[in-house]
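Notes to accompany the following structure.
Reckoned from all heavy atoms, side chains included, excluding hydrogens, waters and symmetry mates.
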Amino acid sequence: MAIAVLYEHPEWFKPLFATLDRRGLPWVPVDAAALAWDPTVHPGFSLLVNRMSPSAWTRGHGHAIQSTLAYLHYVQRWGIPVINGLDAWRLEISKSAQLDLFEQLGMPYPRARVINHPSQAPAAARGLRFPIVVKPNIGGSGAGIQRFDSSDELHRAVVGGTVALGMDDTALVQEFLPAEGGHITRLEILQHELLYAIRITPPRGHGFNLCPADICQVDDEGPGSKVEGPESAFEVCPVKPAMQIEATTAPVEVVAQALAISRAAGLDVCGIEFLVDQRDGRPYFYDVNALSNFVTDAARVVGFDPFERLVDVIEAKAGARVPEAAPRTLGAPSGLDRVPTAK
């Protein structure tokens, strides 16, 4: 049987699809925005690779986020192995759950409180050091994060009705840490081993979208500029200036902590981000990304193609190759075309 790849953003994973083809591996795409299945019928594949994105809600596919939970449950009930399965997806779509994991493991992270109504934000911010951010529980690519530099500014926003908590009406009220050197570090981890580390330095006033994927690297000509060319919502991420991205190293103890996070969370592949607070010189973890779409121009930046390493893992988990490739039709091999007729 074939390998299935669950995805929502087709542009991000063209390199993965191309690598699977180059290896001659049989695979089928499963569109997370169009899931349908019969629980009595086997899914029809031997391995599922979960590449679903929590930022789907910013592209009109919010309905796919919760249905992905149900779909992963269905697939795992049939005993089919999943790369980044149900537990990984639960963590991916909950910043609150990520805080719980950091706390459980004793990892350093920016102080935060969790709320489920905008009116709670001022009280939740008491005792926190400003600036603070209000960060939607279900995020992705920095979507929906708002920064407030004072309690008065936050209060005015609440009264004015401009504080949004995201699609599940849950959010973090969290201290915003000034990053030493103006950069953050992303550790890409595969099978609980460090794949590579990159330093991301955005220009001043960049916002919160630090996605390093090539589809996100959009040049900005300045205020009011328009990016020409895209014909669909998938051709670009939310517009942002190109960032400086370079290979780097991280302290051994920070890497060990990140690997512990990946193991505790059951993340087969992930990107874990940290920064060094310029005020105290200490590293703090602030984001766990189960979706790792890897860095643009990886061969130049980190010296190798990480999709090749990912496909090594996929091939190993899938077992023996199947000579005949399955048909490539978009949408899940759901079994709906094989529903038994009533007798």
Side-chain angles (χ1 to χ4, degrees), residues 8 32-33 52-73 84 86-177 207-211 238 261 264-267 270 272-273 284-291:
E8 178 269 338
M52 174 57 178
S53 170
S55 65
W57 65 274
T58 68
R59 294 179 290 276
H61 292 158
H63 66 281
I65 291 175
Q66 293 301 321
S67 60
T68 293
L69 282 173
Y71 187 70
L72 292 173
H73 188 278
N84 278 8
L86 193 57
D87 290 342
W89 181 242
R90 287 192 179 114
L91 187 72
E92 174 77 308
I93 61 173
S94 177
K95 300 297 184 188
S96 173
Q98 293 179 23
L99 293 188
D100 291 338
L101 181 62
F102 293 154
E103 184 67 22
Q104 174 189 339
L105 298 176
M107 301 300 180
Y109 63 91
R111 290 196 299 163
R113 283 77 181 261
V114 184
I115 61 174
N116 72 347
H117 194 275
S119 64
Q120 298 170 306
R126 289 193 197 111
L128 298 182
R129 184 186 300 189
F130 279 82
I132 60 97
V133 290
V134 176
K135 183 185 296 186
N137 191 46
I138 298 177
S141 300
I145 299 177
Q146 297 172 279
R147 170 175 165 162
F148 300 95
D149 291 330
S150 68
S151 57
D152 286 344
E153 183 183 351
L154 176 60
H155 179 75
R156 287 195 299 270
V158 170
V159 172
T162 61
V163 176
L165 306 190
M167 65 171 296
D168 68 347
D169 294 309
T170 306
L172 309 187
V173 177
Q174 186 170 51
E175 290 186 352
F176 176 82
L177 305 187
F208 296 96
N209 187 355
L210 299 182
C211 172
I261 292 169
L267 292 162
C270 63
I272 297 178
E273 295 177 2
Y284 293 86
F285 293 104
Y286 69 91
D287 200 13
V288 177
N289 301 278
L291 182 72

Counting only N and O atoms by type, is there a donor-acceptor contact under 3.5 Å from the side chain of Arg90 to the main-chain atoms of Leu69?
no

Residues in side chain to side chain donor-acceptor pair (under 3.5 Å) with Arg129, at least two apart?
none

Donor-acceptor check, side chain of Gln98 to backbone of Leu91, threshold 3.5 angstrom: yes or no?
yes

Is it the case that the side chain of Gln174 and the backbone of Pro110 share a donor-acceptor pair, with hydrogens and angles ignored and the cut-off at 3.5 Å?
yes

Side chain of Trp89, backbone of Ile65: donor and acceptor closer than 3.5 Å?
yes

Name all pairs fulfilling the ring pair (Phe, Tyr, Trp, His ring centres under 6.0 Å) condition that reach into residues 107-128, sequence neighbours left out, sorted by first residue then second.
Phe102-Tyr109

Is there a donor-acceptor pair closer than 3.5 Å between any side-chain N or O of Asn84 and the backbone N or O of Ala290?
yes

Using every non-hydrogen atom in the two residues, find where Lys95 and Asp287 come nearest and quote the distance to one decimal.
NZ-OD1, 2.5 Å

Applying side-chain contact (heavy atoms from CB on, under 4.5 Å) to Ala123 and not counting sequence neighbours gives Arg126

Can you sort out the partners of Gln120 under side chain to side chain donor-acceptor pair (under 3.5 Å), two or more places apart, ordered by chain and number?
none

Please answer whether the main-chain N or O of Glu175 pairs with a side-chain N or O of Arg111 as donor and acceptor at a distance below 3.5 Å.
no

Residue pairs involving residues 155-173 (criterion side chain to side chain donor-acceptor pair (under 3.5 Å); sequence neighbours excluded):
Asn137-Asp168

Between His73 (side chain) and Leu86 (backbone), is there a donor-acceptor pair under 3.5 Å?
no

Asp149: partners by salt bridge (charged side-chain N to carboxylate O under 4.0 Å, His left out), with sequence neighbours left out:
Arg147

Does the Ser67 side chain pair with the main chain of Ala64, one donor and one acceptor, at a distance under 3.5 Å?
yes

Backbone N or O of Phe148 within a donor-acceptor pair of the Glu153 side chain at under 3.5 Å?
no

